[in-house]
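Worksheet: the structure to be examined is printed underneath.
The first residue of the sequence shown is numbered 1, and numbering continues consecutively from there.
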Amino acid sequence: MKEGKWDRKKYMGMELNGKTLGVLGLGRIGREVATRMQAFGMKTIGYDPIITPETSAAFGVEQLPLEEIWPRCDFITVHTPLLASTMGLLNDSTFAKCRRGVQVVNCARGGIVDEGALLRALRSGQCGGAALDVFTQEPPKDRDLVNHPNVICCPHLGASTQEAQSRCGKEIAMQIVDMATGKGLAGTVNGQALSKAFAPQTKPWIALARALGSVLRTAGKQAQGSVQVCTQGTPLREAGSYLTPAVAAGMLAGGAQKDVTLVNALLLAQEAGLKVTTTHGDVAPEPDGSAGLLQVSLQGSPHRVVGTVQGSTPVLREINGATFKQPAPLTGPVLIYRAKACDPSTLPALTGLLGKVGVQLQSYHSSSTVGGEQWSVVGLSAPLSDLSELKPRVAEVFQLHL
Ligand SMILES: NC(=O)C1=CN([C@@H]2O[C@H](COP(=O)(O)OP(=O)(O)OC[C@H]3O[C@@H](n4cnc5c(N)ncnc54)[C@H](O)[C@@H]3O)[C@@H](O)[C@H]2O)C=CC1
Ligand SMILES: O=C(O)C(=O)COP(=O)(O)O
């Protein structure tokens, strides 16, 4: 009419009253759709693998096996997630079982109704019309469905109301508050590590995992290959889910990839050619069974680091088979070197260098002797800008800011 037209004959509708609607997926939205359509006088039947027939009967939906649903429906609407089991729920074979002229609604996820099959059914008249809010590719490049005269569609607007967006905003804000107060996260699909990362008791373990990853990368001089993360002790039984991404983040830190987080670390590690696997052993490493141990090793090399948490401090217990009787804190600027055991000149040379550049030695820990050599971990007040004076005196030296 805005174009000045008055096409009364062109538009002929169909009553919903007395028609049968098949609702596939009877969760939050499916059941709301069913009760609203009952108000138009529709008979509602449906299917959902986890909702009992008694529950769906309470909101007026008779549940039937899919095979019995197809031939009964005038309209079918899908309200499931997109899963392997729902991909192409409506396909060439199921369209063929439907009443001729069946009308289909997909406001859930593109692909639940197979787009190729839908187009074929529309062209043959087996499908009388479709309403689509979602597409396998958004926006869809292939416009055949959008352009079909019996299709009406919207650009994924199902949640586009002021009220829904405001609820989403509030929900997200509440989730951030929950995460920050250590209550865990609901509904995360890729942030398993995050829900634990903010709990006070897990924070030092995550710091340890990152630190061990950094030590291993620097000592092993590579961020590629297979890394084995092993948690030991009952308290760490479920910890692999967040410690493994933290180890990967430590391995990747300082490398080519920017913005490595606990959410994307495993994916970025995979892209960088780093395979990170996790195992767990329940054997408690401490007599009281309270602490756990985290062991990270680079397969096919002698590089292996083992750490734990003392109080709330991540500490190094072992590096490449050399153990620290007094575990070495892995916080702040840390200098790590391997040198001949009992060489009396190394430590004075180091303290002399520190004095010269005005950096304080805050802690010093040395390991057991392996093959005539010892590892030393030195806590510093600030990182050293130049290690060249130390290099001739030691077998290897590196620095980390943890
Ligand atoms: N177009 C849009 O903007 C919007 C789309 N959605 C989508 O709508 C869909 C439904 O959302 P909700 O009702 O909130 O989800 P929900 O999780 O409450 O319900 C989904 C239901 O589908 C059922 N289901 C799973 N596999 C099935 C199968 N093979 N056959 C039949 N039922 C199956 C589940 O048991 C569950 O009861 C989701 O895909 C969601 O992403 C949701 C909001 C807005
Ligand atoms: O909530 C949903 O499942 C939706 O599909 C809404 O999509 P949107 O968050 O508006 O991009």
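Nearest approach of Ala34 to Val23, heavy atoms of both residues: CB-CG2, 4.4 Å. Closest of all the heavy-atom pairs between Asn320 and Pro302 is OD1-O, 3.3 Å. Smallest separation of non-hydrogen atoms from Ile51 and Leu26: CG1-O, 3.7 Å. Looking at every heavy atom in both residues, Pro327 comes nearest to Arg317 through CG-CD, 4.0 Å. Pairing each heavy atom of Thr313 with each of Pro329, the nearest pair is CG2-CB, 4.0 Å. Minimum heavy-atom separation, Ser345 to Arg393: OG-NH1, 3.6 Å.
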- Task: Determine, stepwise, if the pair Glu318 / Thr323 fulfils side chain to side chain donor-acceptor pair (under 3.5 Å).
- Result: CA-CA 4 Å; Glu318 186 188 319; Thr323 53; over 6 Å; no
- Task: Walk me through it: do Glu32 and Arg36 pass the test salt bridge (charged side-chain N to carboxylate O under 4.0 Å, His left out)?
- Result: CA-CA 6 Å; Glu32 291 293 336; Arg36 279 160 175 71; 2.5 Å; yes
- Item | Intermediate values then yes/no, side chain to side chain contact (heavy atoms under 4.5 Å, CB included), Ser214 and Leu402 | CA-CA 8 Å; Ser214 296; Leu402 302 166; 4.1 Å; yes
- Message: Phe95 vs Val113, test: side chain to side chain contact (heavy atoms under 4.5 Å, CB included). Steps then yes/no.
- Response: CA-CA 10 Å; Phe95 266 119; Val113 178; 4.2 Å; yes
- Verify salt bridge (charged side-chain N to carboxylate O under 4.0 Å, His left out) between Glu373 and Lys340, making sure each step is shown before the conclusion. CA-CA 4 Å; Glu373 290 183 325; Lys340 263 201 208 102; over 6 Å; no
- Check the pair Leu119, Arg123 against side chain to side chain contact (heavy atoms under 4.5 Å, CB included), reporting the backbone distance first and the verdict last. CA-CA 6 Å; Leu119 194 61; Arg123 284 176 176 160; 3.6 Å; yes
- Message: Val229 vs Thr277, test: side chain to side chain contact (heavy atoms under 4.5 Å, CB included). Steps then yes/no.
- Response: CA-CA 6 Å; Val229 177; Thr277 53; over 6 Å; no
- Task: Show the numbers, then the answer: is there a side chain to side chain donor-acceptor pair (under 3.5 Å) between Thr278 and His280?
- Result: CA-CA 7 Å; Thr278 317; His280 175 76; over 6 Å; no
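The CD1 atom of Ile336 lies 7.5 Å from the OG1 atom of Thr218; values are rounded to the nearest 0.5 Å. In this structure, CD in Glu171 is found 11.0 Å from CG in Asp178, a value given to the nearest 0.5 Å. Between atom CE of residue Met42 and atom CG of residue Leu21 there is a gap of 4.5 Å, rounded to the nearest 0.5 Å. Note that CG of Asp144 is 11.0 Å distant from CG of Leu122, once rounded to the nearest 0.5 Å. Rounding to the nearest 0.5 angstrom, the gap separating the NE2 atom in His156 from the SG atom in Cys107 is 9.0 Å. Taken from OG in Ser56 to CD1 in Ile45, the straight-line distance is 11.5 Å, to the nearest 0.5 Å.
Using a 4.5 Å cut-off on side-chain heavy atoms (C-beta onward), Trp70 and Ile76 make contact. Under the 4.5 Å side-chain criterion, counting only non-hydrogen atoms from C-beta, Val377 is in contact with Val334. With a 4.5 Å cut-off on side-chain heavy atoms, Ser166 and Gln162 do not count as touching. For the pair Val315/Val309, no side-chain contact is recorded, criterion being any heavy-atom separation below 4.5 Å from C-beta on.
Side-chain atoms of Gln228 and Ser297 form no donor-acceptor pair, as typed in the model, at a separation below 3.5 Å. Using modelled atom types, one finds a donor on one side chain and an acceptor on the other under 3.5 Å when comparing Ser376 with Tyr364. There is a side-chain donor-acceptor pair under 3.5 Å between Glu115 and Thr136. Side-chain contact of Gln374 with Arg338: a donor-acceptor pair under 3.5 Å is absent, judged by distance alone. With no hydrogens or angles considered, no side-chain donor-acceptor pair links Gln326 and His365 at under 3.5 Å. Side chain to side chain, Gln362 and Ser381 fail the donor-acceptor criterion of an N or O pair below 3.5 Å.
Between the Asp74 side chain and the Thr20 main chain, a donor and an acceptor come within less than 3.5 Å of each other. Counting only distance, with no hydrogens or angles, the side chain of Gln126 and the backbone of Gly101 share no donor-acceptor pair below 3.5 Å. Distance alone, capped at 3.5 Å, is enough to place a donor-acceptor pair between the Gln165 side chain and the Ala159 backbone. Panel note: side chain Asp114, backbone Leu90; no donor-acceptor pair is recorded below 3.5 Å. When atom types are taken as modelled, the side chain of Gln399 and the backbone of Leu384 share a donor-acceptor pair closer than 3.5 angstrom. Using modelled atom types, one side-chain atom of Gln38 and one backbone atom of Gly60 make a donor-acceptor pair closer than 3.5 Å. For the pair Asn264 (side chain) and Val260 (backbone), a donor-acceptor distance under 3.5 Å is absent. Proximity of a side-chain donor or acceptor of Thr369 to a complementary backbone N or O of Gly372 within less than 3.5 Å is not detected. In this structure, the side chain of Gln270 does not engage the main chain of Leu274 through any donor-acceptor pair within 3.5 Å. Put simply, the side chain of Glu138 gets close to the backbone of Phe135: a donor and an acceptor are under 3.5 Å apart.
Salt bridge Lys391/Glu396: absent, no basic N to carboxylate O contact under 4.0 Å. Under the 4.0 Å criterion applied to side-chain N and carboxylate O atoms, Glu15 and Lys19 are not assigned as salt-bridge partners.
The side-chain contact (heavy atoms from CB on, under 4.5 Å) with Thr231 is formed by just one residue from the set Thr244, Leu236, Leu293; it is Leu236.
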